[in-house]
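The next block holds one structure in the form of structure tokens; read it before the comments.
Quantities reported herein were computed from a predicted structural model and do not represent experimental measurements.
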Amino acid sequence: MATKLKKDEKPTARPHAIDFVTAKEIILKELSSIPVGNDKKTALPEIFPEKDEVKVQFYVEQISRSLLVESIQLLKNYLENIRIHTFESGFYSFQALNENIYDTKELLDNIRFRFINARTENKVEISKKGDYTRNEIFAIIAIFKLLRESHTQKLKNPKQLLQKLGVSVFDPAEAKKKGQSVGFEHVAGYEEVKEEIIESITMPLNHPEMYDEVSRLTKKFPGKNRPRAVLFEGEPGVGKTTMARIVSCLAKIPMIYVPIESIMSKYYGESAQNLAQIFDAASLFSSSIIFLDEIDSLAGNRDEGMIEATRKILSVLLRKLDGFEGNPKSLTIGATNRKQDLDRALVSRFDKSIYFPMPNLLERAAILGNYAIHLEDEEKKAISAYLDGMSGRNIKDYCDHVERKWATKILQEKRELEPPPFALYETTAKILMKG
């Protein structure tokens with residue numbers, strides 16, 4: 001039995017537990033970016049010892065049934081086993097079980113979450129005898145964020161929600177105004193890839209009703225034949241991200257670019273929650289494309305072993321992919337250069353896989369045409385022969401390197417301004433290939 005606590009007294013330490021003062025500092029620091037006000041509903045949580053417990057208490061705008069379900073799902077990301085203790089109108093209580101669920105010794109000492117709907121106010125009380133563990137602390141933080149922000153989330157700009165999560169949004173309308181719109185002409189070569197994208201993505205997004213009509217004419221039980229998820233596979237630098245932006249511009253819907261670092265967190269369960277929040281924020285758009293870069297880093301193959309945190313990410317991703325087809329103009333695109341490492345269940349969720357090969361000689365010459373417009377066609381082909389094995393990004397970097405060398409030469413030798421000569425491109429390419 002834990003000893004009775006006095007105000008600001010540190011409880012007796014338990015294995016993997018964090019003392020009261022440190023726990024309070026962690027919670028308040030993690031929530032410091034959330035705007036606060038003078039009333040209870042906009043204040044940060046109160047954290048205090050009471051009798052032989054450490055309590056956390058805060059007030060919220062609402063506690064609906066749907067938010068309760070989300071809260072349970074959220075708690076399961078942090079707590080291995082949890083039970084419903086009380087589920088009555090206006091009072092809902094959930095308690096963590098012991099590591100061994102059949103062991104009931106000191107069960108009531110475990111952390112408990114109480115959700116209280118009163119006539120005049122709604123609040124959450126969290127209590128535990130003794131110190132909190134790190135997972136319990138971050139469960140408290142996650143529940144606070146969920147309930148505090150839920151009542152205003154639909155009123156917020158989804159772009160702001162995503163930016164807060166470290167995710168960027170490419171808006172084709174804004175890009176067009178700034179002269180930054182992109183089309184197929186920005187990717188040289190890849191004619192077969194472009195045809196697949198037109199057939200499998202852009203046309204279905206722009207004309208969903210036609211694809212539904214064809215389905216009614218052919219299927220005994222008509223259903224949707226439009227893709228909800230497409231996988232782009234190919235080596236780094238072959239244009240997967242650029243092509244996703246092109247799809248966004250051609251379909252005139254925003255692209256949500258999700259880099260791996262915006263999801264991964266050092267805290268258990270938080271990565272899965274980050275991914276779920278990104279999909280939830282994306283659903284606030286009337287239509288959108290979610291682009292998941294390096295998806296193989298998110299969801300590897302379960303057959304080869306997987307840590308529990310990664311398993312939770314994969315579980316969320318599978319669930320969200322299954323449920324992200326409500327809007328006919330919404331699509332998820334995953335990008336990988338290691339398709340063989342993806343979990344089979346995840347691969348099965350993609351309706352179409354489009355392979356981006358490394359460019360051949362003529363395609364490399366065409367790519368050079370975007371970055372060295374002054375060269376003759378035969379000169380581009382001659383240089384391309386030295387650039388075998390290079391991706392489109394590699395070729396751009398090579399051209400940038402030549403330009404820097406030439407600009408330095410102009411400045412040092414006080415030459416007249418003119419584009420780099422063929423000889424410099426050729427010499428540089430030979431040196432690169434030897435290196």
*Taking the six-membered ring for Trp, is the centroid-to-centroid distance between Phe170 and Tyr257 below 6.0 Å?*
no
*CD of Glu294 to CG of Asn337: how many Å apart, nearest 0.5 Å?*
7.5 Å
*Is the side chain of Arg114 donor-acceptor paired with the backbone N or O of Ser93 at a distance under 3.5 Å, no angle test?*
no
*So, Asp296 side chain and Leu342 main chain: donor-acceptor pair closer than 3.5 Å or not?*
no
*Looking at side-chain heavy atoms only, is the closest gap between Ile253 and Ser288 below 4.5 Å?*
no
*So, Glu61 and Arg148, do they make that salt bridge, N to O below 4.0 Å?*
no
*Donor-acceptor under 3.5 Å (Glu363 side chain, Tyr190 main chain)*: yes
_Side chains of Val169 and Met255 in contact at under 4.5 Å (non-hydrogen atoms)_ = no
_If I take atom CD1 from residue Ile295 and atom CG from residue Leu292, how far apart are they, to the nearest 0.5 angstrom?_
5.0 Å
*Electrostatic pair Lys240:Asp293 at N-O distance under 4.0 angstrom*: no
*Compare all side-chain heavy atoms of Leu331 with those of Ile201 and state whether any distance is below 4.5 angstrom.*
yes
*How long is the gap from CD1 on Ile395 to CG on Leu387, to the nearest 0.5 Å?*
5.5 Å
*asked:* If I take atom CG from residue Asn81 and atom CG from residue Leu75, how far apart are they, to the nearest 0.5 angstrom?
replied: 12.5 Å
*Does the separation of the ring centres of Tyr398 and Tyr371 fall below 6.0 angstrom?*
no
*Got a second to check how far Glu196's CD is from Glu192's CD, nearest 0.5 Å?*
7.5 Å
_Residue pair Phe350 / Gly334: nearest heavy atoms and the distance that separates them_ = CE2-N, 3.9 Å
*Where do Ile140 and Tyr132 land on the side chain to side chain contact (heavy atoms under 4.5 Å, CB included) test, with the steps shown first?*
CA-CA 10 Å; Ile140 293 168; Tyr132 291 115; 4.2 Å; yes
_Heavy-atom pair of closest approach, residues Ala251 and Asn206_ = CA-OD1, 3.4 Å
*Pairwise side-chain contact, Ile82 with Leu97, heavy-atom cut-off 4.5 Å (strictly under)*: no
_Is it the case that atom CD in Glu121 sees more than 12 heavy atoms from other parts of the structure closer than 6.0 Å?_
yes
*Hey, is the main chain of Ile27 close enough, under 3.5 Å, to the side chain of Glu30 for a donor-acceptor pair?*
no
*Considering non-hydrogen atoms only, spot the tightest contact between Ile383 and Ala429 and give its length.*
CG2-CB, 4.5 Å
*asked:* Measuring only between side-chain heavy atoms, which start at C-beta, is Lys430 closer than 4.5 Å to Tyr425?
replied: no
*Going by atom types alone, do Glu233 and Ser353 pair a side-chain donor with an acceptor below 3.5 Å?*
yes
*asked:* Can a donor-acceptor pair be found, under 3.5 Å and without considering hydrogens, that links the side chain of Asp109 to the backbone of Lys128?
replied: no
*Short side-chain to backbone donor-acceptor contact, Arg112 and Ser127, under 3.5 Å*: no
*Assess the pair Tyr78 and Phe138: is the distance between their ring centroids shorter than 6.0 Å?*
no
_Residues Asn394 and Ser391: side-chain donor-acceptor under 3.5 angstrom_ = yes
*CD1/Ile290 to CD1/Ile278 distance, rounded to the nearest 0.5 angstrom?*
8.0 Å
*Applying side chain to side chain donor-acceptor pair (under 3.5 Å), which residue pairs with at least one partner in residues 174-189 are found, sequence neighbours left out?*
Lys159-Glu174
*Is the backbone of Lys29 close enough, under 3.5 Å, to the side chain of Ser32 for a donor and an acceptor to pair up by distance?*
yes
_When you compare the side chain of Val124 with that of Ser71, does any pair of heavy atoms fall below 4.5 Å?_
no
*So, for Leu368 and Cys399, which heavy atoms are closest and what is the spacing to 0.1 Å?*
CD2-SG, 3.5 Å
*asked:* For the backbone of Ala229 and the side chain of Asp351, can you confirm whether one donor and one acceptor N or O come within less than 3.5 Å of each other?
replied: yes
*Assess whether atom CG of Leu217 is packed by more than 12 heavy atoms of other residues, nucleotides or ligands within 6.0 Å.*
yes
*Short question: side chain of Trp406, backbone of Glu418 - any donor-acceptor pair under 3.5 Å?*
yes
_Check this for me: does any side-chain nitrogen of one of Lys123 and Glu125 sit under 4.0 Å from a carboxylate oxygen of the other?_
yes
_Using every non-hydrogen atom in the two residues, find where Pro227 and Ser200 come nearest and quote the distance to one decimal._
CG-O, 2.7 Å
*asked:* Any heavy-atom pair between the side chains of Glu46 and Val56 that's under 4.5 Å?
replied: no
*asked:* Do Phe279 and Thr332 make a side-chain contact, defined as non-hydrogen atoms from C-beta onward lying under 4.5 Å apart?
replied: yes
_Run the side chain to side chain contact (heavy atoms under 4.5 Å, CB included) test on Val347 and Asp343 for me, step by step, so that the C-alpha distance in whole Å, both residues' side-chain angles and the decisive distance to 0.1 Å come before the verdict._
CA-CA 6 Å; Val347 174; Asp343 186 79; over 6 Å; no
*Could you please spell out the steps behind the ring pair (Phe, Tyr, Trp, His ring centres under 6.0 Å) verdict for Phe115 and Phe94?*
CA-CA 9 Å; Phe115 299 79; Phe94 309 98; 5.7 Å; yes
*Within the distance-only criterion (no hydrogens, no angle test), does the side chain of Ser348 pair as donor or acceptor with the backbone N or O of Ala345 below 3.5 angstrom?*
yes
*Would you please test Val167 and Ile256 for side chain to side chain contact (heavy atoms under 4.5 Å, CB included) and show each step?*
CA-CA 7 Å; Val167 175; Ile256 299 161; 3.4 Å; yes
*asked:* Using the rule given for side chain to side chain contact (heavy atoms under 4.5 Å, CB included), can you reason through Lys24 versus Leu28, listing the C-alpha separation, both sets of side-chain angles and the distance that settles it, and then say yes or no?
replied: CA-CA 6 Å; Lys24 184 174 182 177; Leu28 295 180; 4.0 Å; yes
_Residue pair Thr336 / Lys339: nearest heavy atoms and the distance that separates them_ = OG1-N, 3.7 Å
*Please say whether more than 12 non-hydrogen atoms of neighbouring residues, nucleotides or ligands are located less than 6.0 Å from NZ in Lys194.*
yes
*asked:* So that I can tick it off, tell me whether Lys396 and Asp400 are bridged by a salt bridge, with the cut-off set at under 4.0 angstrom between side-chain N and carboxylate O.
replied: yes
*Measure centre to centre between the rings of Phe91 and His85, then say whether the value is under 6.0 Å.*
no
